Amino acid sequence: MKSFNEKLIDIKKHITSQRRAAFIAAVVVGLLVHMVVMVSDWPNHDGLASMYFDQNMITSGRWFLSVACGISSYFTVPWIIGVLGIFYLGITAAVLADITEVKSNMAAAFIGALLVSFPALASTFAYVFTLDGYMLALLFAVLSVAITKKYRFGWIGGIVFLALSLGTYQAYLPFAVMLCLYMVILRETDKGSNKAKFLDCLHYLYMGIGGAALYYVILKILMVVEGKTLDTYQGINGLESGVEKLGILKTIPLMYKDFISFTLKSKILTTNIFCVIAFALLLLVAIIVFMRNAVEKRWFSKPWLYITVIAIVAILPLAANIVMVVSADVNYHLIMRYQWVLFPILLVSFSDKFGDLLVFVTASNKRKKMKTVTDLASWILVIASTVMILCYGIADNIGYSNLNKKYEKTYAYCVRLVDRIEQTEGYYQGIPIAMIGVVSNDEYPTTDLTQGITDNMIGLSGDYLLYKNLDYEQFIKNYLGASMNFLSGDIISEVYYSDEYRQMGSFPAADSVKIVDGIMYIKTENFE
């Protein structure tokens, strides 16, 4: 048996400089970009009720989430959860650098920095109470591809990791699928017979089908054990209905439409004009590298490579939106679109692997001086990648700034509301309260100053943290220390349609809070 130090030495031997660069870049940039939210306590609307949450989400198909989040405890502790999540992302970045076969440390660092700066992570930080579990699910998804690629029978281990990923959060399945498609392209560029390449590529199919099957079998067993059924949330119960009931032929056009719309209009993949130009330049560099290799390595004599690339480009929107197969009506949150970060990452990886743009040229490797076009491409690659990372980081922090303002405005609003409640004649501790509405736009107009940047960043957009009655109750209890008896259910409907309620003004109107038949009515919705 080896000692602890001897084992560390063995592990160190397997940590290449590229893996190390990707990990360090992910951790450093991750902390720089997201530190502000990690050392704060700014909940979003879901977080108000999740100060302590055991993450038992089996009815949503997430049978491993409770285990994944249990590592950091079930309390919402942003610093611990954030550090753990970024650590997982650092490992994910190292694995990505490895399987995409980047040659330079700088390209590996770009992979790590892009991964942790992409706005989907900022949106996930708004749901910090579950972030570490989600990042572990992403790591599992990437590991499923890495193990399948590395070992002859690695697809067997890949099945296990993919099942764990799906059992933690199903939204990272597209991430794994898109990586598999890129691995197919890489395999087609290698030497060997077409038959050998085809058989190797089938391993990814085995892993995908097997992983989904294992996930579903475990889910069914646990559902029976706990005596539960799948929820309707986000259409997860579509797993029970079968493909024939989903109208798959009608769903495919929607998948393409959504892909094009989100890619071009969401301000996420490209947050501003600088980011648009940078992404276009990365794409241009990748095209130049492809054309150069087509000539120098005689790729033009490999028709299957071109067929594969064209086919993969054609089905890419389907791969990115594969969750829509289960539910075409899914509310596609930004936290479910992390796979879009693979576009800049894979452009960088491809250009570095096949272009040798960022590899240091020394006398020992006996390489000739790069041509002018290649030299220029290397500069473009570095500048464009840096610009995208900066743009992503800035967008993230604009979102965090708005989240802070949402909290502050909600706090100020609820302080005024609680004061009004307690000063209303006839109020007593425990009085039944019928709270209806959220925050009146008529009385409190929108003051979001983000200029549309956060429109698609769920959890970071908007003006207030209040979206339903429960949000008032949780915020007032957890942040103001006041316990109130908020009603729910049919009684709310009765109050809403009553003449007394309809005649009330909206808070902070003088008649927005009053007691009727022993129940305190509170109206905060817009005027009719």
Side-chain angles (χ1 to χ4, degrees), residues 7-35 38 64-65 67-72 79-102 104-118 120-121 124-125 128 130-151 154 157-158 160-169 171-173 175-176 178-180 182-183 207 211 335 338-339 341-342 344-346 348-349 389:
K7 192 62 179 177
L8 284 180
I9 293 173
D10 287 343
I11 294 174
K12 186 177 180 181
K13 291 178 181 178
H14 291 88
I15 301 177
T16 63
S17 59
Q18 291 84 0
R19 292 174 180 175
R20 188 183 303 111
F23 177 85
I24 292 174
V27 171
V28 172
V29 175
L31 291 175
L32 287 174
V33 172
H34 306 289
M35 177 76 77
M38 291 168 59
F64 197 72
L65 183 60
V67 178
C69 290
I71 297 173
S72 63
W79 173 251
I80 294 176
I81 293 174
V83 168
L84 196 56
I86 289 177
F87 175 74
Y88 293 151
L89 285 171
I91 300 175
T92 303
V95 177
L96 283 172
D98 188 56
I99 64 177
T100 56
E101 302 176 15
V102 293
S104 71
N105 293 341
M106 186 173 292
F110 285 146
I111 289 175
L114 285 166
L115 183 67
V116 297
S117 61
F118 192 64
L121 179 58
T124 310
F125 259 108
V128 69
T130 193
L131 176 134
D132 54 335
Y134 284 6
M135 294 305 97
L136 185 57
L138 180 62
L139 173 57
F140 285 156
V142 174
L143 283 175
S144 70
V145 180
I147 293 175
T148 301
K149 177 184 179 181
K150 187 170 184 179
Y151 302 103
V160 176
F161 277 109
L162 184 61
L164 289 173
S165 177
L166 293 172
T168 307
Y169 192 45
Y172 299 127
L173 174 61
F175 206 103
M178 291 173 64
L179 271 180
C180 287
Y182 185 70
M183 296 303 106
M207 181 270 291
I335 59 177
Y338 214 145
Q339 60 271 26
V341 75
L342 286 175
I345 282 178
L346 295 183
V348 171
S349 301
I389 293 165

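Worth saying up front: this structure is predicted, and the values here are computed from it rather than measured.
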Exercise for review: Answer yes or no: is there a donor N or O on one side and an acceptor on the other, between the side chain of Y338 and the main chain of F118, under 3.5 Å?
Suggested key: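 Looks like no, no N/O pair under 3.5 Å.
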
Check your understanding: Does S165 reach the main-chain N or O of A137 with its side chain, forming a donor-acceptor pair under 3.5 Å?
Key ->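 Such a contact is found between S165 side chain and A137 backbone.
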
Rounded to the nearest 0.5 Å, what's the gap from [atom1] on [X] to [atom2] on [Y]? Could you check?
{"X": "K149", "Y": "C180", "atom1": "NZ", "atom2": "SG", "value": "11.0 Å"}
{"X": "M38", "Y": "I80", "atom1": "CE", "atom2": "CD1", "value": "10.5 Å"}
{"X": "I86", "Y": "M35", "atom1": "CD1", "atom2": "CE", "value": "8.0 Å"}
{"X": "L131", "Y": "L84", "atom1": "CG", "atom2": "CG", "value": "9.0 Å"}
{"X": "T16", "Y": "N105", "atom1": "OG1", "atom2": "CG", "value": "8.0 Å"}
{"X": "L136", "Y": "C69", "atom1": "CG", "atom2": "SG", "value": "8.5 Å"}

With the side chain counted from C-beta on, respond yes when [X] and [Y] share a heavy-atom pair under 4.5 Å apart, and no when they do not.
{"X": "L162", "Y": "L173", "answer": "yes"}
{"X": "F23", "Y": "I91", "answer": "yes"}
{"X": "Y182", "Y": "L342", "answer": "no"}

**Study point:** Criterion side-chain contact (heavy atoms from CB on, under 4.5 Å) against L89, the qualifying member of L138, V29, L139
**Key:**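 Testing each of L138, V29, L139 against L89, the sole residue satisfying side-chain contact (heavy atoms from CB on, under 4.5 Å) is L138.
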
Got a list of side-chain donor-acceptor pairs under 3.5 Å for residues 141-148, not counting sequence neighbours?
from: S144; atom 1: OG; to: A141; atom 2: O; distance (Å): 2.5
from: T148; atom 1: OG1; to: S144; atom 2: O; distance (Å): 2.7

Check your understanding: Can you say whether the rings of Y134 and Y169 are parallel (under 30°), tilted (30 to 60°) or perpendicular (over 60°)?
Key ->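 Answer is parallel, since the angle falls under 30°.
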
